[in-house]
Amino acid sequence: MPELPEVETIVRRFRPLLEGRRITGFDTRWKKQLSPSLAAVRAGCVGRRIVRLARRGKFIVFQLDPPGCLLVHLRMSGRFEWGANCECEPGHLRAIWTFEDSERLLFCDPRKFGRVIYAPDLATATGELGVEPLSRAFTVAKLAALLRRHRRRLKPLLLDQRVIAGLGNIYTDEALFRAGLHPLTASDTLRPPQIAALHAAIRAVLREAIRYQGTTFDHAYAGGDMQHRLAVYGRKGQRCPRCGAAIRYARVGQRGTHFCPRCQPIRGRRRRLVRRGQRQTQAGAAR
DNA sequence: TGGTATGTTCCAAA
DNA sequence: TTTTGGAACATACC
């Protein structure tokens with residue numbers, strides 16, 4: 001469910017509750033979510049104090065003392081709750097942390113896609129992750145280099161967490177709309193003004209979404225207001241707020257993709273990539 | 001019943 | 001080697 005802005009909002013909400021607290025117990029109802037093992041997670045967090053709650057990409061990061069690192073990924077349906085009882089179905093409760101003052105942190109996750117990971121340090125756990133899009137390291141030049149390094153369609157490239165960490169399906173569609181770029185555009189064909197526009201669009205949409213505390217969808221994530229400010233995501237068939245054309249919906253890399261056919265025209269080498277994609281789809285259907 | 005879903009990872013094919 | 005599609009993970013909702 002959550003992308004960078006939602007995870008950032010959750011981290012800010014839980015930071016005052018968690019920082020400084022010492023973990024006295026950890027229990028799970030779903031061992032498969034734990035990495036590398038229940039024993040490792042329990043040994044890694046019980047008895048340690050949370051010195052800092054942070055975010056890296058879509059991971060919630062508990063920095064511990066004595067030094068260690070606990071990472072939680074909410075994936076599609078995970079959420080945190082604070083207190084004795086969870087608001088979710090009791091059967092959806094997957095993990096419980098208890099603290100020295102008997103307070104509890106609950107991890108609810110109906111679809112069981114979420115993950116709880118222990119690692120000795122952050123670098124070990126997140127070494128594969130790409131650049132933080134709101135960090136100083138994410139410059140126009142950096143984005144230009146990332147786009148040139150591959151010859152991929154923009155949408156799957158932006159969703160790849162090894163390239164940029166934190167973008168998901170909603171904000172990728174919104175950033176491409178703001179930049180006026182078609183999702184199928186080949187990444188190595190963008191010209192400098194388009195790269196600058198994409199860079200600005202990514203940062204602007206993420207900052208705005210954080211300001212509005214993310215996008216409320218269903219039970220998975222509540223409290224955000226960004227859903228009222230989305231231009232294309234989830235608006236198939238509705239009018240583009242910029243030009244009035246009907247918003248289109250297509251599958252790109254197995255993900256539902258929303259775009260304005262007039263504001264996001266196809267240019268460059270996309271034709272070749274589109275044809276290649278169609279051939280592969282036909283081959284898959286024949287199999 | 002079937003299609004879809006804010007995410008990631010594996011495999012096979014091109 | 002790089003890129004892509006499909007399936008898988010497991011559940012809820014329309």
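Basis for what follows: all heavy atoms, side chains included, without hydrogens, waters or symmetry-related copies.
Contacts of A:Y171 with the nucleic acid, taken as non-hydrogen atoms under 4.0 Å apart, are absent. At the heavy-atom level, A:F59 lies nowhere under 4.0 Å from the strands shown. Counting non-hydrogen atoms under 4.0 angstrom, A:G253 reaches the backbone sugars and phosphates but no base. Using a 4.0 Å heavy-atom criterion, one finds that A:R251 contacts the sugar-phosphate atoms exclusively.
By the criterion of side-chain heavy atoms lying less than 4.5 angstrom apart, applied directly or through intervening Ile, Leu, Val, Met, Phe, Trp or Tyr residues, A:W30 is not grouped with A:F26; the two fall into different hydrophobic clusters.
No side-chain heavy atom of A:V163 sits under 4.5 Å from any side-chain heavy atom of A:L158.
Here B:dG7 presents its P atom at 11 Å from CG of A:L74, a figure rounded to the nearest Å. The distance between atom CG of A:L157 and atom P of C:dT3, rounded to the nearest whole Å, is 9 Å. When the C1' atom of B:dA5 is taken as reference, atom OH of A:Y249 falls 9 Å away, rounded to whole Å. The distance between atom CD1 of A:I10 and atom C1' of B:dG7, rounded to the nearest whole Å, is 14 Å. Rounded to whole Å, the distance from OH on A:Y233 to P on B:dT4 is 13 Å. Going from atom CD1 of A:I170 over to atom C1' of B:dA5 covers 10 Å, rounded to whole Å. The distance from atom CG of A:L4 to atom P of B:dT8 is 11 Å, rounded to the nearest whole Å. Going from atom CD1 of A:I117 over to atom P of B:dT8 covers 11 Å, rounded to whole Å.
Here A:F113 does not pack flat against the base of C:dA10, since the 5.5 angstrom centre distance and 30 degree tilt limits are not both met.
For A:R229 and A:Y212, the positive end sits near the middle of the six-membered ring, less than 6.0 Å away and at most 45° from its axis.
Salt-bridge annotation for A:D101 and A:R22: absent, with no side-chain N of the basic residue lying under 4.0 Å from a carboxylate O of the acidic one. Looking at A:R49 and A:D65, no side-chain N of the basic residue comes within less than 4.0 Å of a carboxylate O on the acidic one, giving no salt bridge.
Phosphate contact (OP1/OP2 of B:dG7, side-chain N/O of A:R255, threshold under 4.0 Å): present. Note on A:K58: a side-chain N or O is less than 4.0 Å away from OP1 or OP2 of B:dG7. The shortest distance between the side-chain N/O atoms of A:H73 and the OP1/OP2 oxygens of B:dG7 is not below 4.0 Å. Under 4.0 angstrom from either OP1 or OP2 of B:dG7 there lies no side-chain N or O belonging to A:Y221. OP1 or OP2 of C:dA12 sits under 4.0 Å from a side-chain N or O of A:H92. Distances shorter than 4.0 Å separate none of the side-chain N or O atoms of A:R115 from OP1 or OP2 on B:dT8. Phosphate contact (OP1/OP2 of C:dT4, side-chain N/O of A:R152, threshold under 4.0 Å): present.
For the pair A:E174 (side chain) and A:A231 (backbone), a donor-acceptor distance under 3.5 Å is present.
Ring centroid separation for the pair A:F113 and A:H73 does not come in under the 6.0 Å cut-off.
Just one of A:R94, A:E87, A:E81 meets the side-chain contact (heavy atoms from CB on, under 4.5 Å) condition when paired with A:C108; it is A:E81.
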Next on the checklist: Please convert DNA chain B into dot-bracket. A pair counts if it is Watson-Crick or G-U wobble with both distances under 3.5 Å; crossing pairs go in [ ] and bases paired with another strand get |.
Outcome noted: .||||.||||||||
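Residue A:K112 places its side chain closer to C:dA10 than to any other of C:dA10, C:dG6, B:dG7. The side chain of A:Q161 approaches B:dT8 more closely than any other nucleotide in the set B:dT4, B:dT8, B:dG7. Of all nucleotides listed (C:dT3, B:dT9, B:dA5), C:dT3 comes nearest to the side chain of A:H150.
On a pure distance criterion of 3.5 Å, no polar donor-acceptor pair joins the side chain of A:Q254 and the base of C:dG5. You'll find a donor-acceptor pair under 3.5 Å spanning the side chain of A:R111 and the base of B:dA5, going by distance alone.
Taking the six-membered ring where the residue is Trp, A:F14 and A:W82 present perpendicular rings, their angle passing 60° and hence far from 30°.
Taking atom C1' in both C:dT1 and B:dT8, one finds a spacing of 22 Å when rounded to whole Å.
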